[in-house]
Amino acid sequence: MSTPYPFTALVGQDDLRLALLLNAVSPAVGGVLVRGEKGTAKSTAVRALSALLPQVPVVAGCRFSCDPAAADAACPDGPHDVGGDSVRDARMVELPVGASEDRLVGALDIERALAEGVKAFEPGLLADAHRGILYVDEVNLLHDHLVDLLLDAAAMGASYVEREGVSVRHAARFLLVGTMNPEEGELRPQLLDRFGLTVEVAASRETDQRVEVVRRRLAYDDDAEGFAARWGDEETALRTRIVAARALLPQVRLGDGALRQIAATCAAFEVDGMRADIVMARTATALAAWAGREDVLAEDVRQAALLALPHRRRRNPFDAPGLDEDKLDDTLEQSGGDEGDDDPDPDGPGGGGRPPESGPDSPGTPGDQSEAGQEDEASAAQAPAAGGGEQQAVRAAEPFRTKMLSVPGLGEGAAGRRSRARTEHGRTTGARRPQGALTKLHLAATVQAAAPHQRARGRSGRGLVVRRDDLRQATREGREGNLVLFVVDASGSMAARQRMSAVKGAVLSLLLDAYQRRDKVGLVTFRGTSADVALPPTSSVDAAAARLESLPTGGRTPVAAGLLKAHEVLRVERLRDPARRALVVVVTDGRATGGPEPVAQAGRAARLFGAAGIASVVVDCESGPVRLGLAGQLAGELGGTAVTLDELRAESIAGLVKDVQGSGSRMTRMRSVA
């Protein structure tokens, strides 16, 4: 086993180290989510923490780490004999992003369960992590079905494995620690709320500190054991302090004044539910114990709020995480633990968990549209039309709720919530022979396969004689996530007719829908004489929203260049993720003006999508009394459907699902006839 990097040798990252240590003092705090850019020692710090945790007393021979003082009566390895207990180091169990369900919760031998009535169970990672740390690197990339299992185990403190009426239960209480890079997408709100604390980490910009980081890392790589030995005294002292704080924790008093401050703070920042109040109370108590005090002070409540609330204020992927410290100080001062405090202004700076109302990376509000937004649009209206120079970016209109767009047919991509697909979870549609380990038994098909052979197998009792060849895997249909590639016309003709604000609002709405449906998104823009990949396919829809908000407009309309660039993006993405199907959303008025023979070139480029059977929607941005219908013609070349910008708003988008699926059916019939 390799020597872990010493926790005390970490340079900087004070908030990260404090959050991890508070969980070591009080596991009831609920774990830590570490957000930050790559290369900031997130994983190193988490792995170093496990070496500081006190040893765990366990029942000898129990695979589920039962506590001798309170053994689980329902433990699969029970009942346990008194005596023969042992002590082991606390474990840090790492959950790989691509782990299977059986690897996480454990595997039950269905064949033996059916034929012999024996619960032959192989424990999974949840059992290994019981009374220790469960660490998930890149937790935001974890598949939805694994997230659901984690949520259940975290909520109940136990793991249940169900296979066709045969069930196994075991305790699973663990410290959940996750790390993530926000550029790769955000977490589902349900899982986000399960983390007690969150910290943002970034590389230091101070030269001396960066030099020290490199110096220590090189020394560790050259001689890990020698480096760890040099920090041995500091590690021992920190371990001793953790044990002392744990012993002091039950004696810490959380007075009514501190509780009132906690409640007032959570109310002022409008966090959902009561979990935030409970986590803040536990964190403030742990902070007092860590400081060697028996009373919780206002400074403990303030620090607890900075660690426990930022991620609970995030309502959608466009909200910036964080906490307004001035508002926090005002709230603590006004509450002060006294009766009859006035409520702080919920609309004050940074309050309410609402999206920011200003700034280059934030969507505008209706009020913004009536003032600054109108000024932007007026400027766009006075700007030169096609062929003009670059114009200032306009703010997006208020996003709205959309209905679902889906890709026709049945896919086999990553689990999501958009298009129909064959998945491991969903409604059962049939049965097949298992390929590899059996995960979802189709009981009726298994019995049907085994029944004709009972006499030949010498069946004499009531039990069914089942062999491995009889087992049948259930085939299921669920939903997959897709790649939604936006191809946006940013030419001068779009801005001159004051449409860009509405266009951005519509795309922003679809981005929010893509976040909720667990899609990847990409953004291609075209104007002037060329097209650019503003954002390669990613799971980070907030990054796409930021690129969209700052998108400039101007110049001619090279539709062919935009489509060819999008086709190349899809080609490369198919090599990386061949199972993920694409939906192309082209936003344009269809007036191709860039390059030689622009209309003919656009038609030829569009037919590439039709020939490949790529699902597409054209959002027609044409306006005015004279309508040429060029966007509709483009949709026909693409083999997709067209919808006007007005129809895209409100409930009108519902018809797009039928249109997209209908166009896909028409293409299928055309190919079969050909």
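Values reported hereafter were calculated over all heavy atoms of this structure, with side chains retained and with hydrogens, waters and symmetry mates removed.
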**Request:** Check whether any side-chain heavy atom of Leu309 sits under 4.5 Å from a side-chain heavy atom of Thr198, and report yes or no.
**Result:** no
**Message:** Is any side-chain heavy atom of Leu18 closer than 4.5 Å to one of Gln303?
**Reply:** yes
**Prompt:** Do the side chains of Leu175 and Val177 get nearer than 4.5 Å, heavy atoms only?
**Reply:** yes
**Message:** Main chain of Ala450, side chain of Gln454: is a donor-acceptor contact present, judged purely on distance under 3.5 Å?
**Reply:** yes
**Request:** Take Leu287 and Leu22 through the test side-chain contact (heavy atoms from CB on, under 4.5 Å) and record every step on the way to the result.
**Result:** CA-CA 7 Å; Leu287 281 162; Leu22 291 177; 3.7 Å; yes
**Request:** Tell me yes or no: between the side chains of Ser65 and Arg88, is some donor less than 3.5 Å from an acceptor?
**Result:** yes
**Complete:** In this structure, CG of Asp72 is separated from CZ of Arg173 (nearest 0.5 Å) by 7.5 Å
**Prompt:** Would you call Leu570 and Leu483 a side-chain contact if the rule is heavy atoms closer than 4.5 Å?
**Reply:** yes
**Asked** Does Arg282 reach the main-chain N or O of Ala28 with its side chain, forming a donor-acceptor pair under 3.5 Å?
**Response** yes
**Request:** May I have the step-by-step check of side-chain contact (heavy atoms from CB on, under 4.5 Å) for Leu21 and Leu238, ending in yes or no?
**Result:** CA-CA 9 Å; Leu21 289 171; Leu238 190 58; 4.2 Å; yes
**Request:** Measure the CZ-CZ distance between Arg131 and Phe174 for me, rounded to the nearest 0.5 Å.
**Result:** 15.0 Å
**Request:** State which residue, out of Arg476, Arg422, Arg479, fulfils the salt bridge (charged side-chain N to carboxylate O under 4.0 Å, His left out) condition with Glu412.
**Result:** Arg422
**Message:** Closer than 3.5 angstrom, by distance alone: can the side chain of Ser419 be matched with the main-chain N or O of Val407 as a donor-acceptor pair?
**Reply:** yes
**Request:** Nearest 0.5 Å please: distance from the CG atom of Asp221 over to the OH atom of Tyr5.
**Result:** 9.0 Å
**Message:** For Glu480, is there an ion pair with Arg418 - N to carboxylate O distance below 4.0 angstrom?
**Reply:** no
**Message:** Any carboxylate oxygen within less than 4.0 angstrom of a Lys/Arg side-chain nitrogen, looking at Arg420 and Glu477?
**Reply:** yes
**Asked** Less than 4.0 Å between a side-chain N and a carboxylate O, is that true for Arg63 and Asp128?
**Response** no
**Request:** Return yes if some donor-acceptor pair links the side-chain N/O of Thr40 with the main-chain N/O of Gly36 below 3.5 Å, else return no.
**Result:** no
**CG on Asp89 to OG on Ser50, rounded to 0.5 Å** = 9.0 Å
**Request:** Decide if atom CD of Gln55 counts as having more than 12 heavy atoms of other residues, nucleotides or ligands within a radius under 6.0 Å.
**Result:** yes
**Asked** Heavy atoms, side chains only, cut-off 4.5 Å: are Val46 and Asp137 in contact?
**Response** no
**Asked** Okay, side chain of Gln473, backbone of His442: is any donor-acceptor separation there less than 3.5 Å?
**Response** no
**Asked** Is the shortest side-chain N to carboxylate O distance from Asp272 to Arg312 below 4.0 Å?
**Response** no
**Prompt:** Is Val521 close to Leu511 at the side-chain level, that is, under 4.5 Å between some pair of heavy atoms?
**Reply:** yes
**Request:** Measure the shortest side-chain to side-chain distance between His170 and Tyr160 over non-hydrogen atoms and say whether it is less than 4.5 angstrom.
**Result:** no
**Asked** Any side-chain heavy-atom pair from Ile242 and Trp290 closer than 4.5 angstrom?
**Response** yes
**Message:** Tell me the closest heavy-atom pair linking Ser159 and Leu126, and the distance in Å.
**Reply:** OG-CD1, 3.6 Å
**Request:** Could you check whether the rings of Phe64 and Phe121 sit parallel, tilted or perpendicular, using 30° and 60° as the cut-offs?
**Result:** parallel
**Request:** Start with the C-alpha distance between Asp67 and Val58, add both sets of side-chain angles, then the distance that settles side-chain contact (heavy atoms from CB on, under 4.5 Å), and finish with yes or no.
**Result:** CA-CA 5 Å; Asp67 186 349; Val58 295; over 6 Å; no
**Asked** Is a side-chain donor or acceptor of Ser26 paired with a backbone partner of Asn23 at a separation under 3.5 angstrom?
**Response** no
**Asked** Is Arg467 paired with Asp470 through a side-chain N to carboxylate O contact shorter than 4.0 Å?
**Response** no
**Message:** Tell me if a side-chain donor or acceptor on His80 pairs with a main-chain N or O of Ala60 at a distance below 3.5 Å.
**Reply:** no
**Message:** Quick one: does any side-chain atom of Asp519 pair with a main-chain N or O of Tyr515 as donor and acceptor, under 3.5 Å?
**Reply:** no
**Item:** Pair Thr179, Tyr135: side-chain N/O donor-acceptor within cut-off below 3.5 Å
**Value:** yes
**Prompt:** Closest heavy-atom contact between Pro54 and Val243?
**Reply:** CG-CG2, 4.1 Å
**Request:** Using modelled atom types only, decide if a donor and an acceptor are shared between the side chain of Arg246 and the backbone of Ala24 within a distance under 3.5 Å.
**Result:** yes
**Asked** Is there a salt bridge (charged side-chain N to carboxylate O under 4.0 Å, His left out) between Arg433 and Asp469 once you walk through the steps?
**Response** CA-CA 8 Å; Arg433 291 182 181 273; Asp469 289 342; 5.0 Å; no
**Request:** Could you give me the CA-CA distance, side-chain angles and deciding distance for Leu197 and Leu33, then say whether side-chain contact (heavy atoms from CB on, under 4.5 Å) is met?
**Result:** CA-CA 6 Å; Leu197 310 180; Leu33 174 64; over 6 Å; no
**Message:** Closer than 3.5 angstrom, by distance alone: can the side chain of Arg472 be matched with the main-chain N or O of Gly430 as a donor-acceptor pair?
**Reply:** no
